[in-house]
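Notes follow once the structure below has been shown.
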Amino acid sequence: RYISIYRPSVKCEAEKNKAQWKTMGPAKVAVPSPKNFLQKHSKEPKLPARKKEQDPKKLPELSVPRRTDCPVMGIQSKKNFINTNAVAVITGLPKKPQPIYVDRRQGDKYLLETSGLLPKYIKKKDYGVIPKYVTRRNEERERAQKEYEASILENLRKKAMKRLTDEERKTLLQGLKKNWEEVYHEFQGLPVEMDTIPKKINKEKLEIQMKQLEHDIDVIEKHKVIYIAND
């Protein structure tokens, strides 16, 4: 039969490139020993061994006297506690009674301070005073507004803008209204029947002029401050 001459080289290459995951069936790996089974609490963290005391006979210090300790005897005081207490009561300030209230004539007594009936909050020194953070915020807002106005004026100065005075604004407004009246008078003189193209074009032109003049008048009346370029 026919036998390929490349058979030895193919077998050598196959043996060289062979790996566990290229085999047929389960991989031949070492089987774990049955003696190394998972035991209970084997994965829990283990605490370090407790250190033994050097002297196991030594007891901790107690905050109470021992049973074998003897009290100090023979100490006497010449202080007269009766006279001392009497002098303290005589010279001391009298105790002020707590304010109370009752809900009815033979009712129960309640403390007035915790009842909410005593207007103690309005008697505070800082009651009705504007908080510091509000004052600080108002000052920051005013400073920001001044900086904004200064920047606007600076930009206008750089762009060579000029502000119209009240007289110039009134004059401009009167001129626009006068132009609108003239255009409106011309619009009133148009014929009723628009049967030619020039008549229609003239009517549309007058309507556009009137709308533009109305828009300009509305803008000038709405804005009190107007800036124009110095051209």
Side-chain angles (χ1 to χ4, degrees), residues 45 47-48 61 63-64 79 81-185 187 205-231:
L47 297 176
E61 296 182 359
S63 60
V64 296
K79 183 178 180 180
F81 290 94
I82 297 176
N83 295 339
T84 305
N85 294 339
V87 171
V89 171
I90 293 170
T91 58
L93 296 175
K95 186 178 179 180
K96 293 183 179 179
Q98 286 185 327
I100 58 175
Y101 79 99
V102 292
D103 50 2
R104 58 182 184 273
R105 189 171 182 180
Q106 284 87 18
D108 299 329
K109 297 180 180 180
Y110 302 98
L111 293 177
L112 182 62
E113 186 176 359
T114 58
S115 64
L117 301 175
L118 187 66
K120 60 182 180 179
Y121 293 102
I122 61 176
K123 294 182 180 180
K124 289 184 176 181
K125 294 181 180 179
D126 56 349
Y127 182 79
V129 180
I130 300 176
K132 294 182 179 179
Y133 73 94
V134 176
T135 306
R136 184 169 61 253
R137 186 181 301 172
N138 293 337
E139 292 176 355
E140 291 177 357
R141 187 186 296 114
E142 292 178 0
R143 184 171 63 255
Q145 183 66 22
K146 290 181 180 179
E147 293 177 356
Y148 174 74
E149 293 177 357
S151 62
I152 291 293
L153 294 175
E154 183 67 19
N155 292 334
L156 294 175
R157 187 182 62 80
K158 290 180 180 179
K159 295 179 181 179
M161 301 291 288
K162 185 183 73 173
R163 177 179 174 179
L164 287 179
T165 60
D166 295 339
E167 296 179 357
E168 292 175 348
R169 177 176 169 276
K170 291 179 181 179
T171 304
L172 179 62
L173 190 61
Q174 292 176 0
L176 290 174
K177 290 181 178 180
K178 184 178 180 181
N179 293 341
W180 183 86
E181 290 177 358
E182 293 177 357
V183 176
Y184 181 73
H185 181 72
F187 182 79
K205 184 179 70 173
L206 293 176
E207 289 177 350
I208 292 172
Q209 290 180 1
M210 290 173 64
K211 287 182 180 180
Q212 184 64 36
L213 290 170
E214 289 174 358
H215 177 266
D216 295 342
I217 292 171
D218 188 22
V219 169
I220 294 175
E221 287 180 347
K222 187 182 297 183
H223 299 86
K224 302 298 182 181
V225 180
I226 301 175
Y227 293 92
I228 58 174
N230 292 330
D231 293 336

What residues form a side-chain contact (heavy atoms from CB on, under 4.5 Å) with Val219, not counting sequence neighbours?
His215, His223
Tyr101 meets the ring-ring contact (aromatic ring centres under 6.0 Å, His included) criterion, sequence neighbours left out, with Tyr110
Name each donor-acceptor pair under 3.5 Å that joins a side chain in residues 130-142 to protein atoms two or more places apart or in another chain, with its distance.
from	atom 1	to	atom 2	distance (Å)
Thr135	OG1	Pro131	O	3.2
Asn138	OD1	Arg141	NH1	2.9
Asn138	ND2	Val134	O	3.3

Sequence-distant partners of Glu221, salt bridge (charged side-chain N to carboxylate O under 4.0 Å, His left out), two or more places apart:
Lys177
For the atom pair OG1 (Thr171) and CG (Asp166), what is the distance rounded to the nearest 0.5 Å?
10.5 Å
Considering residues, nucleotides and ligands other than Asp103, do more than 12 of their heavy atoms fall under 6.0 Å from its CG?
yes
Which residues satisfy the side-chain contact (heavy atoms from CB on, under 4.5 Å) test with Lys178, sequence neighbours excluded?
Glu182
Among residues at least two apart in sequence or on other chains, which ones pass side-chain contact (heavy atoms from CB on, under 4.5 Å) with Lys109?
Ile100, Val102
Contacts of type side-chain contact (heavy atoms from CB on, under 4.5 Å), residue Lys79, not counting sequence neighbours
Ser77, Phe81, Thr84
Which residues pass the side chain to side chain donor-acceptor pair (under 3.5 Å) test with Gln145, sequence neighbours left out?
Glu149
Of all residues at least two apart in sequence or in a different chain, which pass the side chain to side chain donor-acceptor pair (under 3.5 Å) check with Gln212?
Asp216
In this structure, CD1 of Ile226 is separated from OG1 of Thr165 (nearest 0.5 Å) by 10.5 Å
Quick one: pull up CG in Asn83 and CD1 in Ile90 and give me the separation to the nearest 0.5 Å.
9.5 Å
Applying side chain to side chain donor-acceptor pair (under 3.5 Å), can you list everything that pairs with Asn179, at least two apart in sequence or on another chain?
none
In chain order, what residues pass the side chain to side chain donor-acceptor pair (under 3.5 Å) check against Glu214, with sequence neighbours excluded?
Trp180
Please answer whether the main-chain N or O of Ile220 pairs with a side-chain N or O of Arg169 as donor and acceptor at a distance below 3.5 Å.
yes
Compile the donor-acceptor pairs under 3.5 Å between side chains in residues 111-126 and protein atoms, sequence neighbours left out, one pair per line.
from	atom 1	to	atom 2	distance (Å)
Ser115	OG	Leu112	O	2.7
Ser115	OG	Leu117	N	3.3

